[in-house]
Amino acid sequence: MMSTAIFPGSFDPITNGHLKTLERASKLFDKIYFVVLTNTQKKYLFDQSERVTLAKVCLRYLDNVEVVSRTASLTVDVAHELKADFILRGLRNEQDFSYERAIAALNKTQDPTLETVFMLADPTESYISSSMIKEIAIFGGNLKELVPQEVAQALQQKLLD
Ligand code: ADP
């Protein structure tokens, strides 16, 4: 049977941390849907279509990863719609663990058959966050090791607007 996972998130913007996690996970699942969602708790620098476009450009090289866009949906509903049995999430640290454990438990109340699978970030990526990257970009810092080139350019462009 084909194993299908969704990797849901805001991805504002996609970082080397997300990419590295996906690269590793793409060997574990037959198919991964990279789902760009709107998290109602967050304010975004890039709008939905910009986040989707950046993800598509950066993920071209992964054959079994497909970028999809879903605004205002429950993660479990997206998984059902895409016929996925797994939700993939990344863990960088203890804060991620507490947050992700709560989300996973709540998702279980919606569908107990849907498994959340966690991938530990590699040490080199574990300090990368979209919010820190925006901070570095605002002050003109070096983004080379943190995001793909296309994202660095988009950040610079955005901050000129
Ligand atoms: P959300 O708004 O859903 O938290 P994010 O874009 O911040 O969306 O994160 C999406 C997923 O990617 C989350 O599971 C998060 O823990 C994970 N993630 C974020 N940064 C990294 C990183 N540097 N390495 C590995 N996983 C990461």
Side-chain angles (χ1 to χ4, degrees), residues 1-122 125-134 146-148 150-151 154-155 158:
M1 206 184 87
M2 231 183 70
S3 62
T4 303
I6 60 169
F7 187 33
S10 310
F11 310 112
D12 184 41
I14 186 168
T15 69
N16 285 351
H18 299 130
L19 277 178
K20 200 64 187 302
T21 299
L22 265 168
E23 219 174 87
R24 289 160 61 211
S26 70
K27 300 186 180 85
L28 299 176
F29 298 100
D30 295 309
K31 171 95 187 182
I32 302 175
Y33 290 100
F34 186 92
V35 185
V36 181
L37 283 169
T38 299
N39 179 333
T40 51
Q41 313 282 324
K42 292 194 177 176
K43 276 199 74 190
Y44 295 111
L45 178 64
F46 293 100
D47 68 25
Q48 180 81 11
S49 78
E50 290 171 323
R51 285 180 279 129
V52 168
T53 304
L54 283 175
K56 280 188 178 160
V57 169
C58 300
L59 292 168
R60 274 184 308 226
Y61 74 106
L62 291 172
D63 291 340
N64 60 345
V65 176
E66 187 177 329
V67 178
V68 298
S69 170
R70 294 288 180 278
T71 49
S73 326
L74 279 180
T75 305
V76 291
D77 291 338
V78 177
H80 292 156
E81 182 212 332
L82 297 171
K83 299 192 179 358
D85 297 309
F86 303 97
I87 300 171
L88 172 69
R89 296 284 287 178
L91 290 181
R92 287 164 293 187
N93 48 42
E94 291 81 358
Q95 284 92 322
D96 274 357
F97 176 73
S98 322
Y99 177 70
E100 295 292 342
R101 181 168 61 173
I103 297 178
L106 288 172
N107 284 335
K108 278 270 172 187
T109 68
Q110 306 301 303
D111 179 355
T113 68
L114 199 56
E115 288 296 341
T116 302
V117 176
F118 297 106
M119 199 119 190
L120 273 190
D122 280 341
E125 276 79 38
S126 66
Y127 58 90
I128 303 179
S129 69
S130 297
S131 51
M132 287 305 283
I133 278 163
K134 285 179 269 192
L146 307 172
V147 292
E150 293 89 342
V151 173
L155 276 163
K158 177 65 86 183

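Only heavy atoms go into these numbers, but all of them, side chains included; no hydrogens, no water, no symmetry mates. The model shown is predicted, which means the values in this text are computed figures rather than measured ones.
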Query raised in the report: What closest approach, in Å, do Ile128 and Gly17 show between heavy atoms, and which atom pair accounts for it?
Result: CD1-N, 4.2 Å
**Report entry** side-chain hydrogen bond (donor to acceptor under 3.5 Å, both in side chains) against Tyr44, all qualifying residues, sequence neighbours excluded
**Finding:** Ser10
Report summary line: Contacts of Lys83 meeting salt bridge (Lys or Arg N to Asp or Glu O under 4.0 Å) (sequence neighbours excluded), chain-then-number -> none
Query raised in the report: With Tyr99, which residues qualify under side-chain contact (heavy atoms from CB on, under 4.5 Å), at least two apart?
Result: Asn39, Arg89, Ile103
Query raised in the report: Roughly how far, to the nearest 0.5 Å, is CD of Gln48 from CG of Leu37?
Result: 7.5 Å
Query raised in the report: So how far is it from Leu82 CG to Asp77 CG, rounded to the nearest 0.5 Å?
Result: 11.0 Å
Report task. Please name all residues satisfying salt bridge (Lys or Arg N to Asp or Glu O under 4.0 Å) with Asp30, sequence neighbours left out, ordered by chain then number. Result -> none
Query raised in the report: For Glu23, what residues pass the salt bridge (Lys or Arg N to Asp or Glu O under 4.0 Å) criterion, not counting sequence neighbours?
Result: none
Query - Point-to-point distance, once rounded to the nearest 0.5 Å, from CD1 of Ile6 to OG1 of Thr116 - result: 8.5 Å
Query raised in the report: In chain order, what residues pass the side-chain hydrogen bond (donor to acceptor under 3.5 Å, both in side chains) check against Asp96, with sequence neighbours excluded?
Result: Arg92
Report summary line: Contacts satisfying salt bridge (charged side-chain N to carboxylate O under 4.0 Å, His left out) that involve residues 44-56 (not counting sequence neighbours) are Glu50-Lys158
Report task. Please examine the side chains of Val36 and Phe34, heavy atoms only from C-beta on, and report whether any two atoms are closer than 4.5 Å. Result -> yes
Report task. Only pairs at least two apart or in different chains count here, so list each ring pair (Phe, Tyr, Trp, His ring centres under 6.0 Å) that has a residue in residues 50-87. Result -> Phe29-Phe86
**Report entry** Those residues that, when tested against Lys108, pass side-chain hydrogen bond (donor to acceptor under 3.5 Å, both in side chains) (two or more places apart)
**Finding:** Glu115
Query raised in the report: Do the non-hydrogen side-chain atoms of Arg70 and Pro8 ever get within less than 4.5 Å of each other?
Result: no
Query raised in the report: Are there more than 12 heavy atoms of other residues, nucleotides or ligands under 6.0 Å from atom CZ of Arg101?
Result: no
Query - salt bridge (Lys or Arg N to Asp or Glu O under 4.0 Å) against Lys20, all qualifying residues, sequence neighbours excluded - result: Asp122, Glu125
Report summary line: Quick note, salt bridge (charged side-chain N to carboxylate O under 4.0 Å, His left out) partners involving residues 6-17, not counting sequence neighbours, are Asp12-Lys134
Query raised in the report: Considering residues at least two apart in sequence or located in another chain, which fulfil the side-chain hydrogen bond (donor to acceptor under 3.5 Å, both in side chains) criterion with Ser126?
Result: none
